[in-house]
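Notes follow the structure.
Residue numbers begin at 1 in each chain, while the letters A, B, ... track the order of the sequences.
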Amino acid sequence: MKRYFSRKVFIYILTFFLAVTIDWLVPRFMPGNPVQNMLSRASIQSDAAEVMRGYYTKAFGLDVPLWQQYLNFWQAIFHGDLGVSVYMFPEKVTNVIFRAVPYDLALLVPSVLLSWIAGNKFGAFAARSRWLDNTILPITYLLRATPYMWLAILMAWSLGIVWGIFPISGAYSFSMQPSFSFAFLVSFLRHWFLPFASLFIVQFGGWAIGMRNMIIYELEEDYSHYLESLGAPRSLVRKYAFRNAMLPQITGLALRLGQVVAGALATEIVFSYPGIGYLLLQAINNQDYFLIQGCFLFIVIGVLLANFIIDVVYVIVDPRTRQGMEGT
Amino acid sequence: MEPPQSKEKNEFFYFALRNNKLVIGLIVVFFFLVFAIIGPFLTEHDLNERAGPRNQPPSAEYWFGTTTFGQDVFTQFVYGLRAAFIVGLVGGGLATIVGMMVGFFAGYHGGMVDELLNMLTNTVITIPKLAVLLVIAAYLTVRGVIHESIVIGLWSWPWAARAVRSQTFSLKSRNFIDMARMTGMSSMKIIWTEIAPNMMSYLFMTFVLQFGGAVLAAATLDFIGLGPTEGISLGLMMQHSFNWSAIQLGIWWWFVPPGAALALLVGAMYLMNVGLDEVFNPKLRER
Amino acid sequence: MFLNLDKVTKVFKTGTFGGQDLHAVEDVDFGLTEGEFVSLIGESGSGKSTIGRMILRLTSVTSGVIEYRGKDISEFRRQSLKDYYRQVQGVFQEPFSAYNPIFKADRVFRNVKDEFFPEMDNGRWQDKVQDSLGAVGLNPDQVLGNYPHQLSGGQLQRFLIARALLLDIDFLVADEIISMLDASTRIDVLNLLADLKEREGLSILFITHDLSLGYYISERAMILYSGRILEKGVTEKIFRNPLHPYTKLLMASVPRIDKKWEEVEAELEEKQSDIDSGCVYRDRCSFQEKCKQCEEARPELREVEENHYVACHAQEED
Amino acid sequence: MALKTDDLRVYYQTLKGDVKALDGASFTLEDGEIMGLAGESGCGKSTLAKSLILLKPPMKYVEGRVRLDGEELPIWDDEKMNSFRYKNVSIIPQYAMNAMNPTRKIGKMVKELLKSRGISPGEKRDELEHRLDLVDLTRDVLSMYPIELSGGMKQRMVMVISSLLDPSLLMADEITSALDVSTQKAVSEMLVEFRDKDFIKSLIFITHDISILYQIADSITVMYAGKLVERAPTEEITGRPLHPYTKLLISSLPKIGAKYTEEKLEGIPGKPPELLEPPEGCRFKNRCPKKEEECDEEPPFREVSPGHKVACWKVKKDVS
């Protein structure tokens with residue numbers, strides 16, 4: 001058990017190390033001088049530009065040897081210092097990111113969780129029903145294959161423009177300031193609904209299909225046949241199959257939750273929803289390397305944490321893994 | 001007691017042709033493939049040429065209408081479809097091949113080789129594809145569909161590798177591998193002549209999934225601006241329409257066809273995959 | 001000695017992450033002379049198959065040496081390994097699993113040709129195939145060109161023996177080769193092995209869990225339990241006068257069609273494989289004089305009469 | 001009379017047509033009888049067991065009637081059959097090693113199973129523990145997951161579960177073939193004890209190994225290619241087999257003390273017919289040393305001496 005986890009932790013550390021290295025390489029891979037590139041994109045006044053140039057040259061540490069730059073980068077990370085954004089100069093990258101994260105959570109946590117629950121229920125329900133298998137399931141395949149941004153665009157166009165029911169841009173009305181007032185809440189929810197719904201629908205398809213395929217395998221397992229032989233009602237057989245089919249789905253859920261931080265890039269872009277995905281696009285378009293680096297660091301940490309949690313959860317929910325660790 | 005099993009080819013076709021999922025999936029994919037191949041010959045317009053008036057809805061002359069720049073949407077669509085197939089074939093193919101290699105070697109050799117390859121697989125799974133693409137996008141200022149496909153392929157193999165590895169692992173314990181070893185065959189030869197042929201159906205299914213995944217990944221990359229800088233793709237069409245406010249202007253013919261084609265094509269691929277699974281695995285067949 | 005095992009041990013790492021050691025085979029010594037038919041008898045988990053696989057170089061040896069005609073087989077590489085397989089082959093328990101299901105059964109022959117006789121012209125090869133099929137009692141017209149699932153288990157096993165005969169083997173490891181076959185055909189395959197031994201002077205290591213089969217066919221027998229040889233010797237002597245309590249228990253529980261199970265009050269506990277020192281059998285031992293030694297020291301194999309060995313402290317005193 | 005089957009036919013549906021795996025089985029089983037069912041793989045013995053409890057595709061009911069304790073078993077009707085399963089008929093399946101849900105603790109699984117059949121688990125608690133003692137399992141196993149048990153333990157646990165509701169008929173389908181000889185003996189003897197203690201009224205013990213049947217069965221029924229060929233009390237059939245197939249089968253078994261060099265045993269040449277299109281008449285005729293013209297007609301399964309039934313034309317002549 002100990003051995004198992006220490007090995008896992010080792011892999012995670014290794015991955016983190018690699019990811020950070022790639023992260024560090026991003027601006028340095030750029031042809032030319034990253035600071036120059038960055039500033040030429042950001043159209044700012046020349047005296048401000050000088051201040052920024054001085055700051056970034058120092059921040060990137062381009063005047064010290066590469067290995068020193070690399071070590072400095074690690075040091076900065078451990079101090080929680082991710083530099084200053086160009087695009088939102090002179091704000092700290094960490095602040096910019098922390099401002100975006102709540103929107104991601106608000107959008108993705110409900111859409112992931114609800115679609116997971118609904119999709120699994122539906123998939124289990126549809127499995128081994130010839131009628132549903134031939135009517136509704138093909139639609140879920142289509143949903144799973146639908147590009148996020150396309151569904152988002154379709155909904156924005158139909159529900160937003162043609163019927164004008166929902167606003168299609170931003171997280172709340174431009175005329176408002178975030179507050180805990182009722183009016184703000186209504187505005188927030190109205191802006192939230194379309195991105196949420198488009199994410200929910202596509203993911204619903206994926207979960208439903210995954211569950212349907214898994215449960216069919218489980219229903220053909222020996223333990224299911226044994227229960228049937230002993231006259232157990234369909235509901236019990238299905239309950240067991242469902243529970244076992246859920247195990248891989250839990251992995252999927254954790255992986256997906258890990259990507260919550262990454263946001264739903266395409267969806268946020270369509271709706272100009274100010275989460276990390278949208279932020280990342282702005283950063284890319286403005287060649288704001290510190291912001292890009294910061295976003296990626298957050299994404300990687302999220303993914304790694306989620307993976308680690310799966311490993312722990314799995315040991316708890318599936319006795320088979322526990323046995324494997326102790327040897328037979 | 002089991003009924004006698006027969007693995008003859010005609011049995012495969014018997015079930016294949018009676019599997020609605022497989023048949024429908026194949027028809028849809030085939031339809032798009034034909035469209036992608038002959039489509040460009042049906043249009044007299046060039047990709048970016050100003051073919052006619054701006055923002056024309058579909059008509060007899062402009063089947064899918066025109067863009068804000070007066071480009072013919074149908075022309076872009078058929079070329080975009082071509083690009084989608086290229087990404088699927090190259091990206092999905094590459095992912096399958098790399099995944100296959102890694103899976104074969106990890107599964108067959110086990111031990112240290114397995115540990116190391118596993119570590120590599122896990123690492124690649126965790127590092128976001130976007131990060132790598134960003135580096136590459138920054139590096140290659142001129143990018144084509146092929147570049148994009150290669151990057152996608154090189155970053156999507158881990159799932160295939162995991163699947164192939166576990167299959168190889170179970171095949172390895174069968175006696176026919178021992179029989180081959182007892183002729184002094186090299187492990188390479190055993191992998192290629194004994195293990196791989198047994199997994200053809202599985203590899204093909206893996207490829208079908210990877211194809212779909214690569215097409216969707218490419219569409220997302222194109223949409224956020226990390227796609228090809230030259231040519232057209234279905235993702236780029238959506239990006240352009242979005243950037244030029246097609247939503248607000250109601251130019252639906254610009255963004256509906258590319259997304260619909262993607263959903264149908266990839267959905268058909270997934271459907272095909274499940275159909276194939278049912279054909280190869282009698283337990284899953286409809287009852 | 002033509003094949004010799006000297007203190008051969010196999011330790012497997014168990015648990016997904018290699019936490020524990022499993023001593024599958026421990027300090028096994030035995031030898032085989034040319035043209036001998038020896039049975040290795042043990043229950044599942046006794047390590048009998050592992051010994052076969054180690055001799056066939058399909059599993060590595062953890063410690064100890066296996067020598068074939070005076071050469072350490074672990075040192076064979078490429079060409080020398082091929083030469084080894086030219087002389088030593090194996091057939092396993094499950095007939096269907098020995099064939100690649102998507103190819104015709106004759107592919108096992110073609111593999112042999114490709115690897116060992118690439119130069120031989122096809123006509124001569126066909127003759128050779130016919131000869132060896134004849135030697136195992138198969139009619140070439142009936143079996144060639146078929147897929148494995150079209151042949152019966154007995155036919156498939158004969159087919160594999162024919163494959164081994166294509167090479168000029170002098171030693172065959174037969175690992176439970178008839179246990180999956182139907183009663184009506186298994187005895188014929190067993191007889192075939194004995195015939196081959198007589199006719200071609202093959203040495204055979206016959207691995208089985210079935211005492212009666214071991215008795216029926218072999219000259220010498222070894223009783224294996226938990227990776228250790230507990231008793232070995234001339235077959236008749238072991239059967240007539242089994243000394244080790246485990247051998248006795250086996251004799252008592254084999255289902256026989258001529259005698260009912262005696263009222264052996266051997267309530268069997270689950271096997272204890274985690275004994276680290278002392279007699280591996282002590283927990284199930286029915287001997288009253290369960291002496292201190294059994295707890296502390298592993299009994300060595302001793303010769304109690306000519307060509308009859310046993311590893312039991314209780315037999316040491318006299 | 002515990003069980004009576006009448007001309008039971010169950011086929012397997014395949015692409016090429018119906019495989020006649022069980023082609024007319026008629027026999028009766030007395031109260032308290034342990035019937036051994038022997039035959040080569042593919043002879044239909046497992047099909048017989050499965051069709052008496054869970055007959056589902058690709059299996060297909062063709063015809064025949066089954067009565068258990070005087071009541072008709074609606075084996076062709078999955079729904080109606082449900083009330084009989086477990087309570088009246090039960091099975092220890094071939095796959096006993098994988099029969100328990102890997103992610104449920106065993107005790108919990110049993111509880112849920114009982115509840116689903118409308119039986120209060122509390123009521124059965126003592127009985128369950130009592131039976132665990134009988135098969136030499138500690139009560140801890142109830143709080144364990146199946147994977148924590150060894151193969152032999154799982155086997156015994158499934159025996160306890162399957163027989164918990166005291167079914168009239170229990171079927172054990174090839175449960176000893178994967179076990180070591182010592183465990184084989186223990187498991188078989190436990191089943192006899194189940195019968196002696198009246199947990200079950202009668203038992204059908206299916207195996208390809210006649211020697212085990214000789215040890216525990218009251219009667220032995222031999223099947224060949226989907227048909228019953230001989231049925232008689234154990235001592236009678238092993239001592240005086242009448243059907244040529246049974247004779248050859250028994251004489252091919254090596255006995256301890258028999259040696260190749262002294263007494264060479266013989267197998268049965270040839271192989272069983274394809275059941276897709278079985279030959280007319282006696283199905284053993286192509287391998288039979290006594291084959292004659294009349295064998296082209298199907299021999300009836302008749303009683304030749306009290307309690308001894310055989311399906312062979314030649315036997316009639318021998319007896320009369």
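- Residue D:M97: no heavy atom, backbone or side chain, is found under 4.5 Å from chain A.
- Among residues 59-77 of chain D, no residue has any heavy atom closer than 4.5 Å to a heavy atom of chain A.
- Of the options D:I92, D:I91, D:V89, a side chain to side chain contact (heavy atoms under 4.5 Å, CB included) to A:S229 is made by D:I91 and by none of the others.
- For the atom pair A:E228 CD and D:I53 CD1, the distance stands at 11.0 Å (nearest 0.5 Å).
- For the pair A:Y240 and D:M109, the minimum side-chain heavy-atom distance is below 4.5 Å.
- The CG atom of A:N244 sits 8.5 Å away from atom CZ of D:R104, with the distance rounded to the nearest 0.5 Å.
- Atom OG1 of residue D:T103 and atom CD of residue A:E218 lie 8.0 Å apart, to the nearest 0.5 angstrom.
- Between the side chain of D:R117 and the main chain of A:L230, a donor-acceptor pair closer than 3.5 Å is present.
- Counting heavy-atom neighbours within 6.0 Å of D:K87 NZ, excluding the residue itself, gives a total above 12.
- Both the backbone and the side chain of D:S162 have a heavy atom closer than 4.5 Å to some heavy atom of chain A.
- Heavy-atom neighbours of D:K154 NZ from other residues, nucleotides or ligands within 6.0 Å: above the threshold of 12.
- A side-chain donor-acceptor contact under 3.5 Å links D:Y95 to the backbone of A:Y226.
- Between A:G231 and D:N82, the shortest heavy-atom contact is CA-OD1, 3.2 Å.
- Using a 3.5 Å distance cut-off with no hydrogens or angles, the side chains of A:H225 and D:K50 do not pair a donor with an acceptor.
- Contact tally against chain A (heavy-atom pairs below 4.5 Å) for D:L54, D:N98, D:N101: the top residue is D:N101.
- If you measure heavy-atom distances from D:I161 to chain A, the contacts under 4.5 Å come from both the backbone and the side chain.
- Counted within 6.0 Å of OH on A:Y12, heavy atoms from surrounding residues, nucleotides or ligands total more than 12; the atom is thus considered enclosed.
- Pairs engaging residues 234-253 of chain A under the salt bridge (Lys or Arg N to Asp or Glu O under 4.0 Å) rule: A:K239-D:E112 [sequence neighbours left out].
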